[in-house]
Amino acid sequence: MNSPYDQKQLIEANFSVKLSAPFDSKEVPTFELVIDERLAVHGITAIFGPSGCGKTTLLRAIAGLQPIHSGVLKVKGVVWHDQVRSLPTHQRPIGFVFQEASLFEHLTVAGNLEFASKRALESFRPKQVQEITEFLEIDQLLSKKPARLSGGERQRVAIARALLVRPQLLLMDEPLAALDQTRKREILPFLKRLRSESDVPIIYVTHALDEVTHLADDLLIMEKGRVEARGSVDEVLTRLDVPRMLGEEAGAIVEGKVTKRDTQWHLLRVDFSGGHLWLRDSGEALGQSARIRILARDVSLSIADEQASSILNRLPATVIAMADDIDQAMLLVRLAVGNTVLLARISRRSASQLELNQNQPLWIQIKSVAILH
Amino acid sequence: MPLSAADWSAISLSLQLATATTGILLLLGTPLAWWLARTGSWLKGPVAAIVALPLVLPPTVIGFYLLIAMSPSGPVGHLTEALGLGTLPFTFRGLVVGSVCYSMPFVVQPLQNAFTVIGQRPLEMAATLRANTWDQFLHVVLPMAAPGFVSASVLGFAHTLGEFGVVLMIGGNIPSQTRVVSVQIYDHVEALDYAEAHWLAGSMILFSFLILLLLYLTSGKSAADSLQLRS
């Protein structure tokens, strides 16, 4: 999934940001963000972490909305901030989508979009503007005032507006966090299509793991102002030190392709690099790529292939490593299934009974799998 | 015609004074209100208090110190004489200066409120849409603060029309130069011309009522708009 090293796509961030309480004359920072990363951004890079971990501060610093205390920020070889100068926000080739859509209430939807396209680096042809409004399905809303739009519509307008400035980098700060579940499901498909159809790299800040698993290509996990882990999303989520931060949500992501439809049993077969899985048929077309999430708690282990089992998906695997879980009774096991890495969360007692060792071959049973829509 | 030529002259003078004062206050008050709405400086408190002083001080106190400052031996008087403008007391210009000081809070405070309500977010939004500071101010702040500008203009205008103490202290009572409506009414009453005083005073009540009504009708509408936003 990683694109080859490409200087043009690179964000070099080596800086610190200090936040102090407003009107605090003693200037003791209440929060410090320290970052030293070189990110090859392509597709969607998610910045994930609990609230207060500094993920929004990092995004705002990249946008120039948050002053950098010291250090250097370079994007695609261009200095955005160093000791000598700092490019003001309006000169950075970015688009920004805030948590609350922040549309200009005094303008119509069309006025909001025009605000962006008028100031774009290069202007779009009217046909391209139309493509963007149709893509986000807001072409029927152009004459409305933002106050008349639903939360989901507002956020779609905000995304279109950010695209219309022709950004080289799109920054999204928890764009779904202010929406209810229904609205979230309404926006997610647009973001997925944006990932596949647009060549603008996106940095996506979120505290919701399901958004990471649905959308992200790369993942950067932050805690207390520091980067704890980064890499491709499938790699990071199956690292043994990371899942402990995720608890019950720990699990792997598998990219595969729908290859067969079993109409008798209403199942779909998805092939991936470690074998294949049978899933409930949720209507995907044959040949379509599918992203599957396999939670560690849904994976169980056995020494022999238990043919007489109600579990549909049984695969041969090898133990790569084991690590303590946050729960004292449990253990996390990292497993290789072909080239794919999966995680299992099993009890220590079971591990002892199975006499699990590194490199031990065994069978895994997967209780439930679903395609991420 | 119940209003005499002298009455009309006073009305015309009052309108000129109120227009000039409001215009100058919008020019001076906008950056001042913007600064007050945004700054984290320790100076914010003292400056806001100075701007608000005319709300609590008797007009005669302000008039008295302005008179002293603008007199030939006062600091402002020195300046205006050095600039070849002569001295300001007992001139129309002097009245404008006095009115600007006296009506300042009526313009600055509504503007400051309007700017504060806008908050930081629309400006950040505009900056990410490649608008520089001036562009943000013209195309985001001004339209969003429009109701605040209406309130500020109407209040500044109406309050200047109604002033009496400052005018009397620094303008005196010179026909066609400093004799504004409020002073003219005072003259009528002193001369026991109650009928003429009634006409002028009544017109003033009616006029002030109408412009305040205009203000509440327009601000009522914007209040309704902002209610819809929240729902």
Side-chain angles (χ1 to χ4, degrees), chain A residues 20-25 59-60 62-66 87-107 111-123 145-151 154 157-158 160-167 169-173, chain B residues 35-49 110-111 113-151 218-231:
Chain A
S20 49
F23 305 114
D24 186 357
S25 54
L59 199 72
R60 290 173 56 85
I62 294 172
L65 296 171
Q66 178 67 51
L87 214 55
T89 299
H90 71 270
Q91 288 174 7
R92 299 188 184 193
I94 53 161
F96 203 108
V97 178
F98 291 89
Q99 184 175 330
E100 11 27 278
S102 302
L103 300 178
F104 297 126
E105 303 290 341
H106 63 284
L107 300 173
N112 269 278
L113 299 180
E114 204 178 293
F115 192 99
S117 49
K118 261 192 198 165
R119 292 165 177 79
L121 279 171
E122 315 162 54
S123 53
K145 279 284 180 88
R148 307 245 172 267
L149 304 181
S150 74
R154 291 171 67 88
V157 173
R161 191 177 60 174
L163 290 174
L164 284 170
V165 293
R166 286 216 149 168
L169 183 64
L170 185 56
L171 307 171
M172 300 182 123
D173 185 13
Chain B
W35 180 79
L36 283 171
R38 309 259 128 198
T39 184
S41 160
W42 64 273
L43 279 170
K44 178 180 171 161
V47 172
L111 290 181
N113 288 339
F115 293 153
T116 306
V117 166
I118 291 173
Q120 195 59 33
R121 184 47 55 86
L123 301 178
E124 291 187 341
M125 194 69 255
T128 67
L129 296 170
R130 313 191 59 77
N132 62 30
T133 312
W134 184 236
D135 189 1
Q136 290 166 29
F137 188 78
L138 278 185
H139 295 105
V140 178
V141 175
L142 284 188
M144 286 183 85
F149 277 93
V150 173
S151 302
T218 51
S219 69
K221 186 174 167 293
S222 62
D225 277 350
S226 58
L227 272 181
Q228 280 170 351
L229 281 187
R230 256 171 259 128
S231 65

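Each chain gets a letter, A, B and so on, in the order the sequences are listed, and its residues count up from 1.
The CZ atom of A/F115 sits 7.5 Å away from atom NE2 of B/H139, with the distance rounded to the nearest 0.5 Å. To the nearest 0.5 Å, the span separating CZ on A/R166 from CG on A/L121 amounts to 9.0 Å.
Under 4.0 Å is where a charged nitrogen must lie from a carboxylate oxygen, and between A/E100 and A/R154 no such pair does.
In this structure, chain B has heavy atoms under 4.5 Å from both the backbone and the side chain of A/F96. For A/A120, the part sitting under 4.5 Å from any heavy atom of chain B is the backbone (N, CA, C, O) and nothing else. In this structure, chain A has no heavy atom under 4.5 Å from any part of B/A146. For A/L164, no part lies near chain B; criterion is any non-hydrogen pair under 4.5 Å. Within the 4.5 angstrom heavy-atom criterion, only side-chain atoms of A/R60, from C-beta onward, approach chain B.
Judged purely by distance below 3.5 Å, without hydrogens or angles, the side chains of B/R38 and B/Q120 pair a donor atom with an acceptor atom.
Each of B/Q136, B/E124, B/M144 has some count of heavy-atom pairs under 4.5 Å with chain A, and the biggest count is that of B/E124.
Within the 3.5 Å criterion, the main-chain N or O of B/L36 finds no donor-acceptor partner in the side chain of B/T39.
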